[in-house]
Amino acid sequence: MIEAGRAALAFALGANVLGLLLAWRARNGEGRSTAAAGRAQEATFLGILAAVLLLEVLLHARDFRLAYVWQYTSSTLPSLYTTAALWAGQSGSILFFTLLLSGYGVVARRFSLYDRGDLVPGFLLSYGVIQLFFLVILTGFENPFATHWDLQPRTPPIVPNDGMGLNPLLQHPAMAIHPPILYLGYTGTAVPFAIALSALAHGRLGETWVRSVRRFVLFAWLFLGVGMLLGGRWAYEELGWGGYWAWDPVENAALVPFLVATAFLHSVMIEERRGMLRIWNLVLVVLFFLTAIFGTFLTRTGLVTSVHAFAQSDIMPPLLALLVVATVASVALLAKRLPQLRSRERIRSLASREAAFLFNNCLLLAMAFAVLWGTLFPVLSKAATGAEISVGPPFYNRIVLPMGASLLYLAGIGTLVAWRKTSGARLGRAVGLPFVAAVLAAGLSAAVGARGWLSIATIGGAAFLLAATILDTGAALRIRRTAGGGPWDLFRSNPRRYGGYVVHLGFALLALGIVGNAHQSKTSLTLAPGETSTYGPWRFHLREVTEDADAHRDEVAARIAVEGVFGGTAEMAPRVLLFFAGTDREQPLTEPAILHQPWGELYLVLLSAARDKASVEVYVNPLIHLFFGGGALMAFGTLLGLLPPRVAAPTTGTT
Amino acid sequence: MSAVLLLLSLASAPDAFGQNLFCLCGCAQTVASCPHPNCAEYDPARGVYGKKYLEADVAAFRAEGRSTDEILDGMAEKYGERVLTIPRAKGLGIWAWIAPALALLAGLGTVVWFLLRERTAPET
């Protein structure tokens with residue numbers, strides 16, 4: 001089985017190289033070679049798929065000859081997490097990453113580029129080169145089918161009785177699906193990049209390539225966003241520090257391409273509508289891919305310290321080489337096609353949607369740069385002076401969040417201004433009501449105790465965006481009603497526009513959730529059984545401290561009755577778990593108790609417990625459901641925007 | 001707008017010590033968000049200090065009547081700049097703050113320049 005896995009990877013590498021040669025021969029449009037290169041691409045995918053399935057079989061069979069199986073499973077690991085162990089470690093996750101990458105390539109060629117045969121050879125060539133780097137990593141640097149004796153030839157040939165087991169922190173349903181979704185986002189950046197390079201290489205820079213690219217960017221953006229959201233929920237429910245986002249380098253690595261893609265999804269509208277910003281959009285597609293690969297590079301090479309990063313390994317050279325090759329190819333092809341990419345039209349007014357989108361792009365890229373800069377600063381400072389200067393959450397909160405709050409206002413203005421030009425009087429009328437809503441919301445929030453200028457400005461921005469979206473939709477609905485239609489007809493007439501509005505509503509709610517997080521409060525309580533203590537309007541009564549154990553873990557829980565919540569009294573039971581996983585991995589895990597309320601959530605973490613007392617940390621997390629709900633609404637809006645518009649039935653007869 | 005909000009947020013920065021210090025137990029999280037309930041890791045040879053030790057130092061500095069900035073200076077002196085989550089605006093650390101601000105200003109300047117040039121350029 002182990003040999004079969006290695007053979008499958010070798011087959012995939014061989015098929016990929018053959019596909020590259022065929023795609024190179026087909027670059028001038030030779031049909032037979034193009035078809036053969038397509039088949040080689042599918043063979044590559046099948047080889048990688050076979051390797052993934054074989055590794056899964058070995059994981060479930062607990063074949064501890066394999067170093068990977070020994071490191072990430074144990075005889076007691078549940079099936080779901082044994083399957084998920086595929087992406088728990090460096091080599092397995094790169095294999096899974098490569099499978100998704102390869103699958104995207106096949107889907108893009110067969111279903112998106114089926115009518116763009118002129119772009120296929122260049123696409124296969126670019127995509128094959130990207131795949132080649134990952135297959136070289138898998139076969140030469142991080143082979144998941146390596147045995148203990150491959151890695152340490154002097155090790156005596158004894159098969160361990162049990163494995164190390166999966167890190168208990170990763171044994172959570174969100175963690176089982178969060179990495180695959182995030183990987184779908186990362187790998188999804190390769191398709192638009194390869195299509196863009198192909199369009200540049202073949203000089204086919206009309207309007208249709210942008211449409212193919214936009215859809216793939218949107219998919220990757222959606223998966224990156226949902227992946228980050230699930231990761232945040234996991235951190236909130238499992239790590240026990242009351243938060244969901246720590247500005248950790250791995251989180252930042254996903255946020256940077258997400259911000260770049262957000263910029264593209266706005267500026268591409270200018271190209272589709274007016275044929276402008278074609279160079280800029282190509283630059284953003286290239287940046288989207290490069291930042292995703294750079295994020296992969298950062299988190300998989302041990303370059304930065306992170307709570308999530310994989311162990312340090314030797315894959316820096318091939319990933320660095322991929323970055324260099326992709327950058328050089330993009331710059332060279334862009335330079336070659338510059339004359340073809342110049343726009344004929346002009347932006348004639350600062351009070352136009354085009355101008356608003358440009359400012360939006362500027363803010364989003366400045367945010368992306370700030371996040372990247374903060375992530376790299378410890379490495380750069382150490383290289384420059386030998387002493388590391390750390391950068392943590394307060395830095396990002398002060399630099400990035402004000403720009404995010406500004407985006408709320410800009411998104412509202414972008415909704416209200418028209419394409420080409422909006423007169424001053426009309427702009428004043430359009431912005432007036434949202435501005436009043438913003439001032440009222442900000443004033444009200446300050447009156448009821450919102451702390452800090454940034455929080456108040458963000459609440460104002462969220463109100464501005466909500467009011468602008470409602471006003472614009474209301475105006476369109478009135479027009480639609482005069483023609484006999486309703487809200488559903490309005491939505492189906494332009495799902496992309498109204499799906500985008502739902503995304504904006506989600507963004508406003510998410511921003512309010514972030515404001516709520518800035519108003520988090522906490523305290524520590526130590527209680528004896530039967531004792532009661534108060535914090536704010538709540539009374540906490542420790543009923544008992546319980547202990548439990550099974551074959552996998554010990555568990556201590558404090559059962560606490562909480563009074564003063566909506567609906568009377570509730571019981572919360574924060575726990576500490578001690579897992580016995582495999583040979584020597586014993587790890588305590590705090591599992592907070594969370595009480596959902598209309599205003600937010602009460603969150604209890606057990607700090608220590610004995611039979612006669614328990615210490616808990618009490619967090620009050622206002623509006624936190626708006627953060628997760630807003631994120632979910634953004635994802636829902638994106639899906640709505642992917643629906644096809646209803647095409648009006650052709651009218652018959654004469655008028 | 002962005003620049004104004006940036007200034008306002010700097011002026012209203014919260015004084016939460018748990019957020020201002022990294023736990024040096026190896027968790028790569030702040031003292032406020034270290035996932036270990038009673039983090040008391042200690043290995044000076046490897047530069048490992050759990051949050052319990054950091055919090056004890058902060059309490060000692062407070063007892064001496066030091067201000068927030070003086071406490072942060074004291075912690076940086078004892079553990080190095082890596083213990084601070086906010087780079088200090090001096091030495092190399094000032095570039096952590098300047099570079100994003102410069103990037104934003106450069107971007108805004110470029111957009112304004114581009115839009116003004118577009119308004120006056122002839123159609124082609």
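By convention in this document, chain letters (A, B, ...) are assigned in the order of the sequence lines, proteins followed by strands, and residues within each chain are numbered from 1. Below, each value reflects all heavy atoms present in this structure, side chains not excepted, and no hydrogens, waters or symmetry copies. Values in this document were obtained by computation on a predicted structure and should not be read as measured data.
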Of the backbone (N, CA, C, O) and the side chain (C-beta and beyond), which part of [X] lies under 4.5 Å from a heavy atom of chain B, both, or neither?
{"X": "A:A370", "result": "both"}
{"X": "A:A387", "result": "neither"}
{"X": "A:A384", "result": "side chain"}
{"X": "A:S455", "result": "neither"}
{"X": "A:K382", "result": "neither"}
{"X": "A:S381", "result": "both"}

Query raised in the report: Which of these, A:V400, A:V371, A:I399, sits in a side-chain contact (heavy atoms from CB on, under 4.5 Å) with B:P100?
Result: A:I399
Query raised in the report: Among A:L363, A:L358, A:N360, A:N361, which residue meets the side-chain contact (heavy atoms from CB on, under 4.5 Å) test with B:V111?
Result: A:L358
Pairwise side-chain contact, [X] with [Y], heavy-atom cut-off 4.5 Å (strictly under):
{"X": "A:V391", "Y": "B:F22", "value": "no"}
{"X": "A:M367", "Y": "B:L104", "value": "no"}
{"X": "B:C34", "Y": "A:W241", "value": "no"}
{"X": "B:T30", "Y": "A:P393", "value": "yes"}

Report task. Pick one of side chain, backbone, both or neither for B:L92, based on which atoms fall under 4.5 Å of a heavy atom in chain A. Result -> both
Report task. May I ask you to check whether over 12 heavy atoms, not counting those of B:Y79, lie within 6.0 Å of atom OH? Result -> yes
**Report entry** Heavy atoms from other residues, nucleotides or ligands near CD of B:E64 exceed 12 (cutoff 6.0 Å)
**Finding:** yes
**Report entry** Worked check of side chain to side chain contact (heavy atoms under 4.5 Å, CB included) between B:L84 and A:F395
**Finding:** CA-CA 10 Å; B:L84 304 180; A:F395 169 84; over 6 Å; no
Query raised in the report: Is there a donor-acceptor pair under 3.5 Å between the side chain of A:S390 and the backbone N or O of B:R82?
Result: yes
Report task. Report yes or no: does A:W373 contribute a side-chain atom to a donor-acceptor pair with the main-chain N or O of B:W95 at less than 3.5 Å? Result -> yes
Query raised in the report: Just how far is it from atom CD1 of B:I86 to atom CG of A:N397, taken to the nearest 0.5 Å?
Result: 9.0 Å
Query raised in the report: Got a second to check how far B:L102's CG is from A:F369's CZ, nearest 0.5 Å?
Result: 8.5 Å
Report summary line: Contacts satisfying salt bridge (charged side-chain N to carboxylate O under 4.0 Å, His left out) that involve residues 353-381 of chain A (not counting sequence neighbours) are A:R274-A:E354
Query - chain B interface, residue from A:L372, A:I389, A:V605, A:L407 that has the most non-hydrogen pairs under 4.5 Å - result: A:I389
Report summary line: On a heavy-atom basis, the closest approach of B:L108 and A:C362 is N-SG, 3.3 Å
Query - Minimum heavy-atom distance between A:M276 and B:E118, given as atom pair plus value - result: CE-OE1, 3.5 Å
Requested in this report: Under 4.5 Å, counting heavy-atom pairs only, tell me which of B:A103, B:G107, B:A99 racks up the most with chain A.
Outcome: B:A99
